[in-house]
Visitor: 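Let me give you the structure first, and then I'll get to my questions.
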Amino acid sequence: WHESACPAGELSGGIEVRRPAVRSSSSSLTNFVLKRPSSSLTSTSRSAGRPELAFSSLRVLQPLVANFKGVKKKRVCLACVRDDLKGPYKQAYGRLLWSVPEVTCCPIHRRKLIEVSCSTKRKGMFFYHQVAPFGVCRSCGSEGYFCCRVVQARASAREVEVAEMIRGVIASLREINRSELSAMKKAVSEYAASHGGMVRLAICAGMPKSSLSHWLLRHSARMCLRGYIQLARAMSVSLSGLLQGRLESATFFSRVPQKP
């Protein structure tokens, strides 16, 4: 009931998640990627002969990220869902990217994610109300959520930037799983020492100096994902590289004038 049917990197986040066709709960995807034990994922990947399934859960980030929780309500990009239905698999897929609270838009279409709501007058007349695959409205059975009249607003450059950063993290979960928290702290400490000190870095990242020093000095201290995003932007480095303890330069287009 979970597979990566599409090639990695072809759709948002680099890892695709197919929702179960027999479960109607809107939080089933979040429950799977956040609460399913790592041992179960490993066993499932071995049984299916798909080792990449062990890295299709956001639980890989838990040793590095504190207080990591997914969104409770299902958010989608209508353009992505409809593109999936037109693709060779004729099946819509949920993205791991959409379950991250810090992500508010689709980095491909640059539109904000929305919560799907049916606007037809035929609610409850179809069996889809109880059983529906991902991409099909549970109220009226519309494939691609064409019954939804909510317009996806254009995302800001900052929102697209954050979505791209998290997308890179999801695509690098295999490498991040092998990284250590101490390596990341050492890289940040060396950067702060050569760029004006810890106070300057904290000011540029928009966080209290006490929070940054607490994270650096305590061996087991972790930071929330939003804090890592702020650090990566302040240091102009890749977020996925930072979580691996490497400082890879990155260009943040929200600081560059956009072309019309």
Side-chain angles (χ1 to χ4, degrees), residues 8-9 13-15 33-35 37-39 41-42 45 51-52 54-70 96-97 99-103 107 158-256:
I15 297 177
V33 300
L34 295 177
K35 300 180 181 179
S38 300
S39 58
L41 280 172
T42 304
S45 64
E52 66 272 15
F55 303 100
S56 60
S57 169
L58 295 176
R59 289 180 62 90
V60 174
L61 299 176
Q62 286 188 347
L64 305 175
V65 181
N67 302 322
F68 188 79
K69 297 181 180 180
L96 207 57
L97 188 69
S99 64
V100 181
E102 286 73 15
V103 176
R158 174 65 183 274
E159 290 176 313
V160 177
E161 173 187 301
V162 173
E164 288 284 4
M165 295 170 72
I166 303 298
R167 186 185 183 191
V169 169
I170 294 177
S172 305
L173 285 179
R174 186 187 298 271
E175 292 76 18
I176 293 174
N177 184 56
R178 297 192 294 264
S179 61
E180 296 182 359
L181 186 60
S182 58
M184 176 168 46
K185 293 184 179 182
K186 180 180 178 181
V188 174
S189 298
E190 292 176 352
Y191 177 90
S194 60
H195 289 78
M198 190 186 305
V199 176
R200 180 180 177 85
L201 178 58
I203 293 175
C204 293
M207 63 175 60
K209 175 186 174 293
S210 58
S211 300
L212 182 59
S213 60
H214 173 81
W215 175 73
L216 288 173
L217 298 178
R218 293 197 60 177
H219 177 73
S220 59
R222 298 174 296 168
M223 193 182 297
C224 65
L225 185 59
R226 188 176 298 276
Y228 290 130
I229 293 174
Q230 293 174 337
L231 272 180
R233 295 189 76 255
M235 300 164 63
S236 297
V237 297
S238 166
L239 179 60
S240 59
L242 177 62
L243 293 176
Q244 299 174 55
R246 304 196 311 266
L247 300 184
E248 302 172 348
S249 60
T251 301
F252 297 106
F253 50 81
S254 64
R255 301 177 183 176
V256 181

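Atoms considered below: every heavy atom in the structure, side chains included; atoms not considered: hydrogens, waters and symmetry mates.
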Visitor: Kindly indicate, with the supporting measurements, whether the criterion side-chain contact (heavy atoms from CB on, under 4.5 Å) is fulfilled by Val100 and Val169.
Guide: CA-CA 11 Å; Val100 181; Val169 169; over 6 Å; no

Visitor: Roughly how far, to the nearest 0.5 Å, is CG of Leu58 from CG of Leu97?
Guide: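 One finds 9.5 Å between CG of Leu97 and CG of Leu58.
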
Visitor: Rounded to the nearest 0.5 Å, how far apart are CG of Asn67 and CD of Gln62?
Guide: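 Output value for this atom pair is 10.5 Å.
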
Visitor: Output the distance between atom CE (Met223) and atom CG (Leu64), rounded to the nearest 0.5 Å.
Guide: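 Interatomic distance, Met223 CE to Leu64 CG, rounded to 0.5 Å: 11.5 Å.
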
Visitor: Show the numbers, then the answer: is there a side-chain contact (heavy atoms from CB on, under 4.5 Å) between Met165 and Glu102?
Guide: CA-CA 10 Å; Met165 295 170 72; Glu102 286 73 15; over 6 Å; no

Visitor: Could you report the tightest heavy-atom contact between Leu247 and Tyr191, atom names first, then the distance?
Guide: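 The pair with the smallest heavy-atom distance is CD1-CB, 3.8 Å.
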
Visitor: Report the distance from atom CE of Met198 to atom CG of Leu216, rounding to the nearest 0.5 Å.
Guide: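 Answer for the CE-CG pair, Met198 versus Leu216, is 5.0 Å.
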
Visitor: Report the C-alpha separation of Glu180 and Lys186 in whole Å, then their side-chain angles, then the decisive distance to 0.1 Å, and conclude whether the side-chain contact (heavy atoms from CB on, under 4.5 Å) test is met.
Guide: CA-CA 10 Å; Glu180 296 182 359; Lys186 180 180 178 181; over 6 Å; no

Visitor: Just verifying a value: how many Å separate Leu225 CG and Ile166 CD1, rounded to the nearest 0.5 Å?
Guide: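 Rounded to the nearest 0.5 Å, the CG-CD1 separation comes to 4.0 Å.
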
Visitor: Please report the interatomic distance CG(Leu239) to OG(Ser172), rounded to the nearest 0.5 Å.
Guide: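 Here the interatomic distance stands at 9.5 Å.
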
Visitor: Could you check whether any side-chain N or O of Arg222 sits under 3.5 Å from a backbone N or O of Val65, counting only pairs where one atom can act as donor and the other as acceptor?
Guide: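 Present.
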
Visitor: Can you name the closest pair of heavy atoms from Ala221 and Lys185 and give their distance?
Guide: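 For Ala221 versus Lys185, the nearest heavy atoms are O-NZ, 2.9 Å.
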
Visitor: Throw together a table of side-chain donor-acceptor distances under 3.5 angstrom for residues 199-210, partners on residues two or more places apart or in other chains.
Guide:
none

Visitor: Leu231 vs Val237, test: side-chain contact (heavy atoms from CB on, under 4.5 Å). Steps then yes/no.
Guide: CA-CA 8 Å; Leu231 272 180; Val237 297; over 6 Å; no

Visitor: Would you find a donor on one side and an acceptor on the other, under 3.5 Å apart, between the side chain of Ser238 and the backbone of Glu248?
Guide: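 Not confirmed, Ser238 side chain does not pair with Glu248 backbone.
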
Visitor: Measure across Val103 and Ala163 and return the closest heavy-atom pair with its distance rounded to 0.1 Å.
Guide: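 Heavy-atom minimum between the residues: CG1-CB, 4.1 Å.
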
